[in-house]
Undergrad: 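I have a structure I would like to understand better, so I am pasting it below and will then ask my questions one at a time.
Convention: sequence-line order gives letters A, B, ...; per-chain numbering from 1.
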Amino acid sequence: MCGELRAVNAGQQVVLMGWVNRRRDHGNLIFLDLRDRSGIAQIVLDKELTPEGHAKGEHVRPEFVVAAVGKVRLRAPDAINPKMETGEIEIEATELRVLNDARLAPFSPAEEAIQNEEVRLKYRYLDLRRTEMQRNFRLRHQITLAIRESLSKQGFLEIETPILTKSTPEGARDFLVPSRVHPGEFYALPQSPQIFKQILMISGFDRYFQIARCFRDEDLRADRQLEFTQVDLEMSFPRQEMVFAVVEQFMKAAFASAGIELPIPFPRISYDESMRRYGSDKPDLRLPGLTDVHSAFTGDALATMQIDPALPIVALRIPKVGELSRKEREENHPLFDQKKGAKFVDDFKRLAKSFPEAAAKVRELTRADEADFVIVVAGDPAHSIKASDTKFPGRLSEREINVYAAAGNFRAELAKKYAERHGAFRITDQVVQDAQAWRSPQPLIDGCYAFHPMWLTDFPMFEYDLAQAKWVPAHHPFTAPIEADMANLVTDPASVRANCYDLAMNGLELGSGSIRIHRKDVQQVIFRALGISDDEARARFGFFLDALEYGTPPHGGIALGLDRIVMLLAGAANLREVITFPKTAKAIDLMAEAPTAVTGEQLKELHIRVALKS
RNA sequence: GGGGACGUAGCUCAGUUUGGUUAGAGCGCUGCCCUGUCACGGCAGAGGUCGCGGGUUCGAGCCCCGUCGUCCCCGCCA
């Protein structure tokens with residue numbers, strides 16, 4: 001293997017096979033950099049030593065596939081290349097065989113990713129040859145392996161569930177597959193193995209897991225593809241803490257496989273607290289959170305500034321951004337979500353002029369340095385939004401959540417924009433760039449962790465739908481309420497918390513799970529509370545309701561997005577970097593050119609007629 | 001469904017502000033030269049429907065309208 005040869009291999013006879021990364025022709029001496037997945041080695045073709053090999057070498061071009069026969073030799077001291085892992089040696093070729101030629105590639109796999117993602121995806125096989133992509137998928141393999149090993153050690157069995165199945169209750173649009181045998185009927189691809197894994201608990205498999213492909217026919221995002229992979233698990237007789245412990249173990253193992261030490265247990269935070277402190281249900285803890293600065297403003301000041309005193313007033317702080325010009329600030333304004341009924345103050349000079357005490361207090365409360373950029377976000381009384389401002393005791397109102405979310409989104413956007421300046425995301429970048437580091441078992445920087453996992457708990461069971469004027473489920477219908485809140489299900493739905501939990505890390509939702517309902521009577525109450533009729537429940541998952549009646553153990557579990565975990569560890573900003581053949585934002589595979597129309601013959605066999613809108 | 005950014009040589013980009021002769025650069029590519037390079041070097045050369053369609057104009061890469069594609073976001077989706 002090209003990249004594995006070292007000084008100790010000097011003198012060995014070898015046959016190296018791989019792709020020509022680069023060719024340097026010095027006339028009677030030709031250097032070939034030969035690349036395979038292990039790395040690059042330099043082949044020397046000397047006209048005196050191998051006239052034939054040298055002659056072939058003259059016609060070799062980038063990405064030709066060749067075999068070089070020869071001896072490993074130490075380079076002369078002044079010819080050592082310290083930038084190459086194999087820089088101390090080279091192959092003195094006695095023979096060169098051209099195994100295959102190659103057309104001129106639209107871009108070179110020897111170089112960094114090109115900007116044009118269309119071309120990258122169309123020629124994905126060339127893109128995947130790049131060192132960075134090879135590294136990403138090796139990383140993905142190692143992470144997957146570590147998770148399998150950890151879960152197996154913890155007593156989980158890996159069990160497969162169907163891909164051709166029935167619509168599951170996840171709420172997204174299904175991908176449908178027509179049945180040839182049953183005209184007019186369709187299978188659905190699983191949005192998750194949810195019902196099957198719960199049935200596996202009923203079947204007595206105790207602890208199940210699966211690295212499961214899931215499918216959701218919704219619009220794509222940087223962190224969302226049509227098909228994605230989940231680490232899906234379920235266990236019998238659990239409590240939240242037991243699920244957390246299992247996940248923490250395998251996450252620790254997964255990160256260790258990438259050379260990152262992840263301290264456990266992970267911190268926990270309630271949903272309400274997360275909204276207050278980060279304006280998000282997937283907080284990024286690499287930067288300071290939001291600060292409640294209501295106390296900095298007098299009633300008069302709020303009236304003058306036209307800020308709603310009944311709503312939260314929070315400050316966000318992005319460190320080390322420095323002072324921004326008016327133009328720079330204005331360029332940031334589109335990053336603020338106008339639709340949340342919130343407004344912001346980012347001109348601190350003006351604020352200090354009108355309300356010097358308030359401005360000083362805000363900077364004091366946020367512990368802002370001179371160079372830190374601070375923005376105050378507050379409710380806009382003038383703004384009419386479609387949101388309920390009904391305040392249920394012990395629970396954030398929708399308008400409050402909107403103000404926090406506006407601040408949280410703004411914080412995340414600005415953090416992304418000024419990543420260079422605050423440097424809080426840098427350690428992740430370093431993981432990417434340092435090709436050695438990812439293999440190292442040592443943490444990259446002692447005591448400084450680039451990855452901040454966080455459990456979120458105590459989600460509300462229901463959300464109030466203003467349009468329908470009723471409480472609707474915030475989760476899938478098998479999520480159990482927290483035991484203590486069970487009594488309030490009908491009388492006070494607002495106060496009921498769900499026995500479910502999310503795992504977030506660095507501003508991404510990594511996974512979501514819950515303790516499930518295992519009793520039929522509770523399930524019926526929930527269905528009723530969710531406005532799902534008996535008939536509807538029976539039609540959608542009657543088989544599951546039947547199964548529930550045959551001795552269902554208490555059970556619960558979670559599913560974590562494997563692609564997202566790999567993305568974080570690869571330091572990638574997009575899922576496409578860790579998925580071999582991803583789809584574009586318009587849901588197209590540019591290489592395979594899918595989807596496509598199919599023949600009339602195929603449609604006929606499937607009893608399908610296509611009716612396109614004109 | 002909506003908002004934003006982008007689209008000029010194989011790739012990365014300049015040129016668009018203020019319409020004006022034959023659209024440029026770097027890398028890559030082709031040919032020749034070169035025995036110690038490793039982003040090799042030197043000389044010469046090829047390569048463009050300026051995404052596509054229409055319009056305004058004496059004249060459009062540049063202005064207007066439409067359309068397509070890629071990316072990011074909202075909606076949607078845990």
Undergrad: Contact class for A/R35 vs. all strands (heavy atom < 4.0 Å): base, sugar-phosphate, or nothing?
TA: nothing
Undergrad: At under 4.0 Å, does any side-chain N or O of A/S108 touch on OP1 or OP2 of B/G28?
TA: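 Indeed not, no polar side-chain atom of A/S108 lies that close.
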Undergrad: Starting from P on B/C38, measure out to CD on A/E111 and report it in whole angstrom.
TA: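 Roughly 15 Å, once rounded to whole Å.
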Undergrad: Take atom P in B/G19 and the same atom in B/U57, then report the distance between them in whole Å.
TA: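 About 16 Å, rounded to a whole number of Å.
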Undergrad: Please report, rounded to the nearest Å, how far the P atom of B/C71 is from the CZ atom of A/R224.
TA: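 The answer, rounded to whole Å, is 14 Å.
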Undergrad: Hey, does A/E413 reach any base, or is it just sugar-phosphate, or nothing, if we go heavy atoms under 4.0 Å?
TA: nothing
Undergrad: So does A/N574 reach the base of B/C71 with its side chain, donor to acceptor, closer than 3.5 Å?
TA: no
Undergrad: Look at the side chain of A/R173 against the base of B/G75 and say whether a donor-acceptor pair falls under 3.5 Å; ignore hydrogens and angles.
TA: no
Undergrad: State the pairing partner of B/U49; accept Watson-Crick or G-U wobble contacts with both distances under 3.5 Å, and report none otherwise.
TA: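 None - no nucleotide pairs with B/U49, as no candidate has both distances under 3.5 Å.
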Undergrad: Watson-Crick or G-U wobble partner for B/G41, using a 3.5 Å limit on both distances?
TA: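 The base-pairing partner of B/G41, which may sit in any strand shown, is B/C33.
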Undergrad: Would you tell me if any nitrogen or oxygen in the side chain of A/R221 comes within less than 4.0 Å of OP1 or OP2 on B/C74?
TA: yes
Undergrad: Under 4.0 Å, counting only non-hydrogen atoms across every strand here, what does A/A110 touch: a base, just sugar-phosphate, or nothing?
TA: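 No contact.
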Undergrad: Please give, in whole Å, the distance from B/A5 C1' to A/E118 CD?
TA: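 Rounded to the whole Å, the gap is 15 Å.
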Undergrad: What's the CD1-C1' distance between A/I80 and B/U37, to the nearest Å?
TA: 14 Å
Undergrad: B/A78, B/U12, B/C38: which one has an atom nearest the side-chain heavy atoms of A/I114?
TA: B/U12
Undergrad: With P as the reference atom in both, quote the distance from B/C29 to B/A5 in angstrom, rounded to an integer.
TA: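 It works out to 36 Å between them.
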Undergrad: Under 4.0 Å: is that the gap between some side-chain N or O of A/R61 and OP1 or OP2 of B/U30?
TA: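 For B/U30, OP1 or OP2 has a side-chain N or O of A/R61 closer than 4.0 Å.
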Undergrad: Taking only side-chain nitrogens and oxygens of A/R576, does any of them come within less than 4.0 Å of OP1 or OP2 of B/C71?
TA: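 Yes.
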Undergrad: Spell out yes or no: do the side chain of A/H475 and the base of B/A78 have one donor N/O and one acceptor N/O closer than 3.5 Å?
TA: yes
Undergrad: Once you round it to whole Å, what is the distance between C1' of B/C38 and CG of A/L34?
TA: 14 Å
Undergrad: Within this structure, what is the NZ-to-C1' distance between A/K122 and B/G51, rounded to whole angstrom?
TA: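 From A/K122 NZ to B/G51 C1': 14 Å.
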Undergrad: Quick one: label A/K586 by what it contacts on the DNA or RNA (base, sugar-phosphate, nothing), any heavy atom closer than 4.0 Å.
TA: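 It contacts sugar-phosphate atoms only.
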Undergrad: With the side chain of A/A79 defined as its heavy atoms from C-beta on, choose the nearest nucleotide among B/C71, B/G36, B/A39.
TA: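 Out of B/C71, B/G36, B/A39, the nucleotide with an atom closest to A/A79's side chain is B/G36.
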Undergrad: Looking at A/N81, I'd like to know whether one of its side-chain N or O atoms comes within less than 4.0 Å of OP1 or OP2 on B/C38.
TA: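 Answer no for this pair, as no side-chain N or O of A/N81 is under 4.0 Å from OP1 or OP2.
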Undergrad: Is A/H26 stacked on the base of B/C40, with ring centres under 5.5 Å apart and planes under 30° apart?
TA: yes
Undergrad: Using atom CZ of A/R23 as one end and atom P of B/G28 as the other, report the distance to the nearest whole Å.
TA: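 Value for this atom pair: 13 Å.
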Undergrad: OP1 or OP2 of B/U37 versus the side-chain N and O atoms of A/R24: is any pair under 4.0 Å?
TA: no
Undergrad: A/R75 near the nucleic acid: base, sugar-phosphate alone, or nothing, with a heavy-atom cut-off under 4.0 Å?
TA: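 The answer is base, as A/R75 lies within the cut-off (heavy atoms under 4.0 Å) of a base atom.
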Undergrad: Which listed nucleotide (B/C71, B/C27, B/C13) is nearest to the side chain of A/Q115?
TA: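 Out of B/C71, B/C27, B/C13, the nucleotide with an atom closest to A/Q115's side chain is B/C13.
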Undergrad: Would you check if the side chain of A/K197 reaches a backbone N or O of A/L233 as a donor-acceptor pair within less than 3.5 Å?
TA: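 The answer is yes, because a donor-acceptor pair under 3.5 Å joins these two groups.
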Undergrad: Using the C1' atom as the point on both nucleotides, what is the distance between B/G54 and B/G15, in whole Å?
TA: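 One C1' to the other, the span is 25 Å.
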Undergrad: Without hydrogens or angle criteria, can the side chains of A/N499 and A/S514 be said to hold a donor-acceptor pair below 3.5 Å?
TA: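 Checked: A/N499/A/S514 side chains show no N/O donor-acceptor pair below 3.5 Å.
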Undergrad: Between A/F209 and A/F250, does the ring centre distance come in under 6.0 Å?
TA: no
Undergrad: Need one value for A/K83: base, sugar-phosphate or nothing, where a base atom within 4.0 Å counts as base even if backbone is also close, heavy atoms only.
TA: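 Sugar-phosphate contact only - A/K83 comes under 4.0 Å of backbone atoms but never of a base.
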Undergrad: B/U37 base stacked by A/F31? Criteria: ring centres under 5.5 Å, plane angle under 30°.
TA: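 Per 5.5 Å and 30° rule: yes, stacked.
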Undergrad: May I have the distance from A/L49 (atom CG) to B/U35 (atom P), rounded to whole angstrom?
TA: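 Nearest whole value for this atom pair: 15 Å.
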Undergrad: Rounded to whole angstrom, note down the C1' distance from B/G59 over to B/G20.
TA: 7 Å
Undergrad: Can you figure out which of B/C29, B/U70, B/G75 approaches the side chain of A/P62 most closely?
TA: B/C29
Undergrad: Can you work out whether A/A474 or A/R73 has the more 5'-proximal nearest nucleotide on RNA chain B?
TA: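 Here A/R73 is the residue nearer the 5' end.
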Undergrad: Are A/E48 and A/N28 linked by a side-chain donor-acceptor pair shorter than 3.5 Å?
TA: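 No donor-acceptor contact under 3.5 Å links the two side chains.
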Undergrad: From the list B/U70, B/A78, B/U35, which nucleotide is the closest neighbour of the side chain of A/R216?
TA: B/A78
Undergrad: Using heavy atoms to find the nearest nucleotide of RNA chain B for A/N28 and A/L104 separately, return the residue whose nucleotide is more 5′.
TA: A/L104
Undergrad: Measuring only the P atom in each nucleotide, how far is B/U67 from B/C13? A whole number of Å is fine.
TA: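 After rounding to an integer number of Å, I get 27 Å for this pair.
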Undergrad: Examine the base of B/G7 for any acceptor or donor lying under 3.5 Å from a partner atom in the side chain of A/N116, and report the outcome as yes or no.
TA: no
Undergrad: Considering only the P atoms, how many Å lie between B/G42 and B/U37, rounded to the nearest integer?
TA: 14 Å
Undergrad: Consider only side-chain N and O atoms of A/S38 and A/D36, and report whether a donor and an acceptor are under 3.5 Å apart.
TA: yes
Undergrad: Donor-acceptor pair under 3.5 Å: do we get one between A/R22's side chain and the base of B/G28?
TA: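 Checked by distance alone, the answer is no.
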Undergrad: Counting the atoms with a prime plus P, OP1 and OP2 as sugar-phosphate, which does A/E90 contact under 4.0 Å by heavy atoms, base, sugar-phosphate, or nothing?
TA: base
Undergrad: Which value, in whole Å, describes the distance between the C1' atoms of nucleotides B/G26 and B/A39?
TA: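 Per the computed distance, 13 Å lies between those C1' atoms.
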Undergrad: Can you tell me how far the CG atom of A/N9 sits from the CZ atom of A/R73, to the nearest 0.5 Å?
TA: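 Here the interatomic distance stands at 15.5 Å.
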Undergrad: How far, in whole Å, is B/C50 from B/U8 if one measures between their C1' atoms?
TA: 4 Å
Undergrad: So which nucleotide from B/G28, B/G75, B/C40 ends up closest to the side chain of A/D219?
TA: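 So the side chain of A/D219 is nearest to B/G75.
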Undergrad: Could a donor-acceptor pair under 3.5 angstrom be found where the side chain of A/R120 meets the base of B/U70?
TA: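 Check fails, no donor-acceptor contact within cut-off.
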Undergrad: Can you find a pair of side-chain heavy atoms, one from A/I375 and one from A/L414, that are under 4.5 Å apart?
TA: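 They are in side-chain contact.
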Undergrad: Name the nucleic acid region contacted by A/D78, choosing base, sugar-phosphate or nothing; use a 4.0 angstrom heavy-atom cut-off, strictly under.
TA: nothing
Undergrad: Answer yes or no: does atom CD of A/E88 have more than 12 heavy-atom neighbours from other residues, nucleotides or ligands under 6.0 Å?
TA: no
Undergrad: So A/R103, base contact, sugar-phosphate only, or nothing? Heavy-atom distance under 4.0 Å.
TA: nothing
Undergrad: Output the single nucleotide from B/C40, B/C71, B/U35 whose closest atom is nearest the side chain of A/D46.
TA: B/U35
Undergrad: For B/C6, give its Watson-Crick or G-U wobble partner with both distances under 3.5 Å, or none.
TA: B/G69
Undergrad: Going by atom types alone, do A/D101 and A/H59 pair a side-chain donor with an acceptor below 3.5 Å?
TA: no
Undergrad: Please determine, by modelled atom types, if A/Q210 and A/T161 share a side-chain donor-acceptor pair under 3.5 angstrom.
TA: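 Side chains of A/Q210 and A/T161: pair found under 3.5 Å.
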